[in-house]
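Keep in mind that the numbers below use all heavy atoms, side chains included, and drop hydrogens, waters and symmetry copies. Residue indices begin at 1 and follow the sequence shown.
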Amino acid sequence: MDPKAVKSDLVLILDFGSQYTHLITRRIRALSVFSLCISGTSPLSSITSLNPKVVILSGGPHSVHSNDSPSFADGFVDWAQSNGVFVLGICYGLQLLVQRLGGEVRVGEKQEYGRMDIEVEKNCGIFGGKKVGDKQVVWMSHGDEAARLPDGFEVVARSQQGAVAAVEDGDRKFYGLQYHPESEGTPGSLNQTFRVAAHSMLALGRAWETALSGDNTFGCWGLVTHSPEGMETLRYFLFDVCGVNAGWKMEDVMDEEIEVINNTVAPDDHVICALSGGVDSTVAATLVHKAIGDRLHCVFVDNGLLRYKERERVMETFERDLHLPVTCVDASEQFLSKLKGVVDPEMKRKIIGKEFICIFDAFAHELEQKLGKKPAFLVQGTLYPDVIESCPPPGSGRTHSHTIKSHHNVGGLPKDMKLKLIEPLKLLFKDEVRQLGRILKVPEPFLKRHPFPGPGLAVRVLGDVTEGNALDIVRQVDEIFIQSIKDAGIYDSIWQAFAVFLPVKSVGVQGDQRTHSYVVTLRAVTSQDGMTADWVEEFGAWGEVVEGEIYNTAPDDSSVLSPTPATLLNGSPPCPNQGEPPISTSYSTVYCFENSFLKEVSQKICNNVRGVNRVTLDITSKPPSTIEWE
């Protein structure tokens, strides 16, 4: 997808390391406006080549006073001003704009973290739809503040402590917000928030009660309280202030990608695609097939490590519903013979990767003999989170790319294949891929499938996967767990759920007899756009998730509560002299697993899966754990 060809004005986000940067991108796309995110230190040519109408400078965990603090390229301000480009600085982005334009930023006498009231002082520009004196609750996260504004700027809103909350220079089209409008929601009482958190984390014990009884001395920084009117502020800024055209929709993405594919792939070229059975590769293959028809050649490999009846179910969808040209290769014996006796997780992954390459290479050579020419292209389901994560933010200590660059995860394909990549989904988030899949008539149940790891059940059977009947056990347990989740109507609320086989036996009693059988564990995690992952917390009988927020449904109280970031769990306070507290980008979306549900699932497993007499539940977050056990 060519950013310059979309039917809406581009909003470009320069990323300076904020935990919320990807939320800005998502919020803007939700307004039917196309947005992209690149490194904040990208060269000016990378910015100008995209021809954005609006540039947003993100927040970040830095202070403009630091010697290594990141900044936009020299010449950016002059370019934006001479081309009439609107610029909005958020948090660190505001401070950077103020400093680079000749103003002064200094450490605030009173740092502001968490919920904060701001008051409109001038109803112009970004607050043109407000009245002087209007107040709103926002999420503040800064230690530095703008002390003296550059020439031409004026304050349009202040916090309840008197700090600058919003500034603008309307003539030059430069604007700034000291708070995070992209972190939207309806905050509840802070004490109510702590009470729900306390009930959910019994391991913290009575220490919580001490904090709850006081006057919020635990600190507002612990919970991400949102900016309720943030989305409306962004909407007003983009449409009323900047005059952005909201013309971006998924149907246009499909049409444009088909055109790009047809212009890229010559009429006599052939394309290959390795289908994993997942959403990304399937949607990518369906899109390419719509463009070039049966010149697309797909291969699906049964490596003996698939879920219960995975091969039959996936192939039926490919052939009956999507009419994709798919060759199914049964290589289960080949994979399992290579894995026999292997217990090291990394070695298992390497063996599986190598065997996939061998099979894929053989498929390509067979296709070459059949067609009389080599396939020219490889379809890959790279998503935008892969692109973002391949460009670490400034100040992270890691190298990063200055351009929008695809994250290639081909897995060591032979160099002599010399395949050029087709990545039709590389600028889309996971939920956008699902939207595109719906337009392409991919069956809804298939689009909502939970992710499955590349090494398959090899990373869900600890130790030697070929020992005994471990694979059969984990398949049956996983099937019961997933089907129970579906029957309960909660499958779509969970990002990923699965079972793990443990090479551990425990004593039990089944049928009035003593047993010595295996232990299995169940795991369920949530995620935001596939970029973070956390365990699905259990709040007892009075918590549930609605639209990604945590609702307290206790009697006489329907307050919306905020997701809990890692800072609260770790107890580490924000860094006082930085623009944003260094908290994790991961936060929990909580869903209530009723005790009755867990009890029923455990009984089903122990009664129906021979060789299992104990079921455990994994509630560990990432970090410190990973999603998969190996």
For this session: Kindly determine whether Lys130 and Glu121 satisfy salt bridge (Lys or Arg N to Asp or Glu O under 4.0 Å), including the steps that lead there.
Result: CA-CA 10 Å; Lys130 302 292 184 180; Glu121 291 193 348; over 6 Å; no
Exercise. Stepwise, does the salt bridge (Lys or Arg N to Asp or Glu O under 4.0 Å) test hold for Asp117 with Lys135?
Worked result: CA-CA 6 Å; Asp117 286 336; Lys135 295 182 180 180; over 6 Å; no
Exercise. Do the side chain of Lys53 and the main chain of Gly243 share a donor and acceptor less than 3.5 angstrom apart?
Worked result: yes
Problem set entry | Check: Tyr92 and Gln178 side chains under 4.5 Å, non-hydrogen atoms | no
Exercise. Counting distance only, does the side-chain N/O of Glu168 pair as donor-acceptor with the main-chain N or O of Lys173 below 3.5 Å?
Worked result: no
Exercise. At their closest point, which heavy atom of Ala80 faces which heavy atom of Val87, and how far apart are they?
Worked result: CB-CG2, 3.9 Å
Problem set entry | Side chains of Leu14 and Val55 in contact at under 4.5 Å (non-hydrogen atoms) | yes
Exercise. Quick one: does Arg158's side chain get under 4.5 Å of Glu119's, heavy atoms only?
Worked result: no
Problem set entry | Contact summary for His65 and Arg106, nearest pair of heavy atoms | NE2-CA, 3.5 Å
For this session: Mark yes or no for whether Arg523, through its side chain, and Ile627, through its backbone, hold a donor-acceptor pair below 3.5 Å.
Result: yes
Exercise. Is a side-chain donor or acceptor of Asp618 paired with a backbone partner of Thr620 at a separation under 3.5 angstrom?
Worked result: yes
Problem set entry | Side-chain heavy atoms of Pro181 within contact of Ile90, under 4.5 Å | yes
For this session: Measure the CZ-CD1 distance between Phe237 and Ile28 for me, rounded to the nearest 0.5 Å.
Result: 9.0 Å
For this session: Evaluate the side-chain contact (heavy atoms from CB on, under 4.5 Å) criterion for residues Ser35 and Leu12: first the C-alpha distance (whole Å), next the side-chain angles of each, then the deciding distance (0.1 Å), finally the verdict.
Result: CA-CA 6 Å; Ser35 60; Leu12 183 65; over 6 Å; no
Problem set entry | Side chain proximity check, Thr21 to Ile13, heavy atoms < 4.5 angstrom | yes
Exercise. Hey, is the main chain of Leu447 close enough, under 3.5 Å, to the side chain of Arg434 for a donor-acceptor pair?
Worked result: yes
For this session: Find out whether the Lys NZ or Arg CZ of Arg29 is both under 6.0 angstrom from the six-membered ring centre of Phe429 and within 45° of the ring's axis.
Result: no
For this session: List the steps and the verdict of salt bridge (Lys or Arg N to Asp or Glu O under 4.0 Å) for Asp252 and Lys249.
Result: CA-CA 6 Å; Asp252 293 335; Lys249 56 183 184 291; 3.2 Å; yes
For this session: Please step through side chain to side chain donor-acceptor pair (under 3.5 Å) for the pair Asp144 and Ser63, ending with a clear verdict.
Result: CA-CA 7 Å; Asp144 292 349; Ser63 170; 2.7 Å; yes
Exercise. Within a strict 4.5 Å, meaning less than it, do heavy atoms of the Glu104 and Val98 side chains meet?
Worked result: no
For this session: Could you please spell out the steps behind the side-chain contact (heavy atoms from CB on, under 4.5 Å) verdict for Gln136 and Thr233?
Result: CA-CA 11 Å; Gln136 59 178 285; Thr233 300; 4.2 Å; yes
Exercise. Distance from Asp280 atom CG to Glu423 atom CD, nearest 0.5 Å?
Worked result: 12.0 Å
Exercise. What distance do Cys91 atom SG and Leu57 atom CG have between them, rounded to the nearest 0.5 Å?
Worked result: 12.0 Å
For this session: Would you tell me whether Glu628 and Gln496 have side-chain atoms, one donor and one acceptor, within less than 3.5 Å of each other?
Result: yes
Problem set entry | Steps toward side-chain contact (heavy atoms from CB on, under 4.5 Å) verdict (Val105, Glu145) | CA-CA 6 Å; Val105 176; Glu145 65 179 12; over 6 Å; no
Problem set entry | Derivation and outcome, side-chain contact (heavy atoms from CB on, under 4.5 Å), residues Leu36 and Thr25 | CA-CA 6 Å; Leu36 287 176; Thr25 310; over 6 Å; no
Exercise. Taking Ser58 for the side chain and Phe16 for the main chain, is one N or O donor matched with an acceptor at less than 3.5 Å?
Worked result: yes
Exercise. If you take all heavy atoms of Leu31 and Ala246, which pair is closest and at what distance?
Worked result: O-CB, 3.5 Å
Seminar exercise, completed: Here the pair of heavy atoms bringing Ile494 nearest to His450 is O-NE2, 2.9 Å
Exercise. Is a donor on one side and an acceptor on the other found under 3.5 Å between the side chain of His62 and the backbone of Ser69?
Worked result: no
Seminar exercise, completed: Ser71 meets the side chain to side chain donor-acceptor pair (under 3.5 Å) criterion, sequence neighbours left out, with Arg100
For this session: State, to 0.1 Å, how close Pro61 and Ser18 come at their nearest heavy-atom pair, and which atoms those are.
Result: CD-N, 4.4 Å
For this session: Would you check if Ile47 and Trp79 make a side-chain contact, meaning some heavy-atom pair closer than 4.5 Å?
Result: yes
Problem set entry | Asp15 and Ser39 side chains, donor-acceptor separation under 3.5 Å | no
For this session: For residues Ile118 and Ala165, report the shortest heavy-atom separation together with the two atoms involved.
Result: CG2-CB, 3.8 Å
Problem set entry | Sidechain-backbone polar pair: Asp169 side chain, Phe174 backbone, donor-acceptor under 3.5 Å | no
Problem set entry | Parallel, tilted or perpendicular: rings of Phe86 and Tyr175 (30°, 60°) | parallel
For this session: Any chance you could lay out the salt bridge (Lys or Arg N to Asp or Glu O under 4.0 Å) test for Asp134 and Lys131, step after step, and finish with the verdict?
Result: CA-CA 5 Å; Asp134 281 354; Lys131 297 178 181 178; over 6 Å; no
For this session: Using atom types as modelled and distance alone, determine if a side-chain donor or acceptor of Ser42 lies under 3.5 Å from a backbone N or O of Ile38.
Result: no
Problem set entry | Validation row: Leu88, Ile126 side chains within 4.5 angstrom (heavy atoms) | yes
Problem set entry | Lys/Arg-Asp/Glu bridge criterion (N-O < 4.0 Å) met for Arg235, Asp240 | no
Exercise. For the atom pair CG (Asp9) and CZ (Phe34), what is the distance rounded to the nearest 0.5 Å?
Worked result: 12.5 Å
For this session: To the nearest 0.5 angstrom, please state how far the CG atom of Asn245 sits from the CG atom of Leu10.
Result: 12.5 Å
Problem set entry | Interatomic spacing from CD in Glu257 to CG in Leu436 - rounded to 0.5 Å | 8.5 Å
